[in-house]
S.K.: 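The structure follows.
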Amino acid sequence: MKLLLVNPNTSPAMTAGIAQAARDVSGGGTQIVAVNPSFGPLSIEGQYDEAFAAAGVAEQVRLAGADLATAPDAVVIACFGDPGLDAAREATSAPVLGIAEAAFHAAAMLATGFSVVTTMTRTCIIAEHLVHKYGFERRCRGIHGTDIPVLALESAGPEMLAQIEAAAREALARDRSGAIVLGCAGMAALTRELQQRLGVPVIDGVAAAVKFAEALGALGLRTSKLGDYATPLPKRYTGWAQPLGW
Ligand code: 2AL
């Protein structure tokens, strides 16, 4: 299957890192095509960033789907705010997975309660909104910021790993939870080491989303076009978004 992996921020280094994390877990028959938007923020750390990132995700899904040769069999949106997820599901009939949604589902199958450890504290409200949107209020026991900037994760060393480990240990104890969800695609490379150190399931949404996407593909399941995820209505878009109108 062809899996379109969209990094919603515009950091090429992070796109490459996320692509590697996806390839590390993908099956032999999966081709990972990693892209990022042509515009927008280098990292997504708040609502203003996310507004542009959502449009960037829509851009990439629209462009990939415009040509049969590039049309994906599944799409993964690799930012923990799941920007543009509903728009992408309108724009394609391929299954579309957000990494937060995928990670919450995986965590809920492994523990009665889980905690999220994320980057900047200001992004906690975005994760909290998603917990409510997806109906995980009774399973997510806490969301914890580390105040590590997203782009700092590109050069994560032993100190940063120790900081995230400490935040996770505190979260497990304070929340009485049994699993940790990592709240940033940029944390993917740290997953195995953290899981080994903590001795509980540590879920990276990129890996979870890739495996769920492969499963949905293998089951022949696609996004419903009946109702809310129907194809966008044809209309003219103006300004810089002109090529993206349906
Ligand atoms: C993210 C993420 O996954 N990518 C990004 O730019 N920002 N999420 C986060 N909570 O910081």
Side-chain angles (χ1 to χ4, degrees), residues 5-11 13-15 17-18 21 36-37 39-58 76-88 97-107 113-137 139-156 159-161 163-172 174-175 177 179-191 194 202-209:
L5 181 68
V6 186
N7 169 23
N9 74 40
T10 55
S11 159
M14 206 159 145
T15 304
I18 293 167
N36 54 248
F39 58 88
L42 271 172
S43 65
I44 301 150
E45 300 176 314
Q47 313 274 5
Y48 188 83
D49 296 339
E50 189 162 293
F52 289 92
V57 167
V76 167
I77 299 174
C79 168
F80 203 73
D82 292 353
L85 178 61
D86 289 320
L97 288 96
I99 64 168
E101 189 181 28
F104 295 161
H105 279 276
F114 63 84
S115 301
V116 178
V117 174
T118 187
T119 55
M120 304 302 284
T121 302
R122 64 180 293 169
T123 69
C124 289
I125 189 64
I126 296 176
E128 194 174 318
H129 286 161
L130 292 183
V131 165
H132 287 273
K133 177 179 172 184
Y134 302 146
F136 282 95
E137 300 92 329
R139 310 302 292 279
C140 179
R141 300 219 176 113
I143 302 167
H144 306 264
T146 56
D147 288 323
I148 296 173
V150 169
L151 294 184
L153 288 164
E154 287 174 4
S155 50
E159 275 174 30
M160 203 174 287
L161 187 67
Q163 186 185 346
I164 296 168
E165 180 191 353
R169 282 192 193 283
E170 199 183 325
L172 289 167
R174 190 164 6 129
D175 299 345
S177 59
I180 294 292
V181 166
L182 297 178
C184 182
M187 292 179 175
L190 311 176
T191 313
L194 283 169
V202 174
I203 296 108
D204 155 45
V206 177

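Since this is a predicted model, take the numbers as computed values, not measurements. The basis for the numbers below is simple: all heavy atoms, side chains too, and nothing from hydrogens, waters or symmetry mates.
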S.K.: Mind checking whether His129 and Ile125 have side chains closer than 4.5 Å, heavy atoms only?
M.R.: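 Of all side-chain heavy-atom pairs linking Ile125 with His129, at least one is under 4.5 Å.
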S.K.: Between His144 and Glu170, is there a side-chain heavy-atom distance shorter than 4.5 Å?
M.R.: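 Side chain of Glu170 against side chain of His144, heavy atoms only: no contact under 4.5 Å found.
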S.K.: Would you give the length of the straight line joining atom CD of Glu45 to atom OG1 of Thr119, rounded to the nearest 0.5 angstrom?
M.R.: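 Here the interatomic distance stands at 6.0 Å.
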S.K.: Does any part of the side chain of Thr146, heavy atoms only, come nearer than 4.5 Å to the side chain of Thr118, both counted from C-beta?
M.R.: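 No, every pair of side-chain atoms sits at 4.5 Å or beyond.
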S.K.: Check side-chain contact (heavy atoms from CB on, under 4.5 Å) between Ile203 and all other residues, then give those that pass, not counting sequence neighbours.
M.R.: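 Ala103, Ala106, Ala107, Leu110, Ala179, Val181, Pro201, Ala208.
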S.K.: Hey, is CD on Glu159 packed in by over 12 heavy atoms from elsewhere, all under 6.0 Å?
M.R.: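 Counting neighbours around CD of Glu159, 12 or fewer heavy atoms of other residues, nucleotides or ligands fall under 6.0 Å, so no.
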S.K.: Is any side-chain heavy atom of Met14 closer than 4.5 Å to one of Val150?
M.R.: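 They are in contact (side-chain heavy atoms under 4.5 Å apart), so the answer is yes.
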S.K.: Any idea how Phe104 and Phe114 line up, ring-wise: parallel (<30°), tilted (30 to 60°), or perpendicular (>60°)?
M.R.: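 Correct class here is parallel.
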S.K.: With ring centroids as reference points, do His105 and Phe136 lie under 6.0 angstrom apart?
M.R.: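 Centroid separation for His105 and Phe136: below 6.0 Å.
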S.K.: Mind listing the closest non-hydrogen atom pair of Ser177 and Ser115 along with its distance?
M.R.: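 Heavy atoms of Ser177 and Ser115 come nearest at OG-OG, 2.6 Å.
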S.K.: Using every non-hydrogen atom in the two residues, find where Gln47 and Ile126 come nearest and quote the distance to one decimal.
M.R.: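 In terms of heavy atoms, the two residues are closest at NE2-CG1, 3.7 Å.
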S.K.: Is the shortest heavy-atom distance from the side chain of Ile180 to the side chain of Val116 under 4.5 Å?
M.R.: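 No, every pair of side-chain atoms sits at 4.5 Å or beyond.
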S.K.: Let me confirm one number: the CD-CD distance from Glu137 to Glu128, rounded to the nearest 0.5 Å.
M.R.: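 Spacing of CD (Glu137) from CD (Glu128) equals 10.0 Å.
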S.K.: Going by heavy atoms in the side chains, are Glu154 and Ser11 under 4.5 Å from each other?
M.R.: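 Yes, their side chains come closer than 4.5 Å.
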S.K.: Which heavy-atom pair separates Ala21 from Ala188 by the least distance, and what is that distance?
M.R.: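 What the structure gives for the nearest pair is CB-CB, 3.7 Å.
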S.K.: Is there a donor-acceptor pair closer than 3.5 Å between any side-chain N or O of Asp204 and the backbone N or O of Ala185?
M.R.: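 No, Asp204 side chain to Ala185 backbone: no donor-acceptor pair under 3.5 Å.
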S.K.: Can a donor-acceptor pair be found, under 3.5 Å and without considering hydrogens, that links the side chain of Asp147 to the backbone of Thr121?
M.R.: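 A pair under 3.5 Å: yes.
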S.K.: Tell me the closest heavy-atom pair linking Asp175 and Arg141, and the distance in Å.
M.R.: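 Shortest heavy-atom contact: O-CD, 3.2 Å.
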S.K.: Write out all pairs satisfying salt bridge (charged side-chain N to carboxylate O under 4.0 Å, His left out) with one or both partners inside residues 114-127, taking only residues at least two apart or from two chains.
M.R.: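 Of all non-adjacent pairs touching residues 114-127, none passes salt bridge (charged side-chain N to carboxylate O under 4.0 Å, His left out).
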S.K.: Test side-chain contact (heavy atoms from CB on, under 4.5 Å) on Glu101 and Leu85 and set out the steps.
M.R.: CA-CA 10 Å; Glu101 189 181 28; Leu85 178 61; 3.5 Å; yes
S.K.: With the side chain counted from C-beta on, respond yes when Pro8 and Asn36 share a heavy-atom pair under 4.5 Å apart, and no when they do not.
M.R.: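 Counting from C-beta outward, Pro8 and Asn36 never come under 4.5 Å.
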S.K.: For a side-chain contact (heavy atoms from CB on, under 4.5 Å) with Pro83, tell me which candidate from Ile77, Asn9, Asp49, Val6 qualifies.
M.R.: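 The side-chain contact (heavy atoms from CB on, under 4.5 Å) with Pro83 is passed solely by Ile77 among Ile77, Asn9, Asp49, Val6.
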S.K.: Calculate, to the nearest 0.5 Å, the distance between atoms CE and CG belonging to Met160 and Leu153 respectively.
M.R.: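 Reported to 0.5 Å precision, the distance equals 6.0 Å.
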S.K.: Strictly by salt bridge (charged side-chain N to carboxylate O under 4.0 Å, His left out), give each pair with a member in residues 180-189 just once, sequence neighbours left out.
M.R.: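 Pairs touching residues 180-189 that pass the test: none.
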S.K.: What heavy-atom pair brings Ile18 and Ala78 nearest, and what distance separates the two atoms?
M.R.: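 It is CG2-CB, 3.7 Å.
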S.K.: Any idea which heavy atoms bring Gly98 and Ala209 closest together, and the distance?
M.R.: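 Nearest pair, atom of Gly98 first, then Ala209: O-CB, 4.5 Å.
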S.K.: Are any non-hydrogen side-chain atoms of Asp82 and Ile99 less than 4.5 angstrom apart?
M.R.: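 When only atoms from C-beta onward are counted, Ile99 and Asp82 do touch, with a gap below 4.5 Å.
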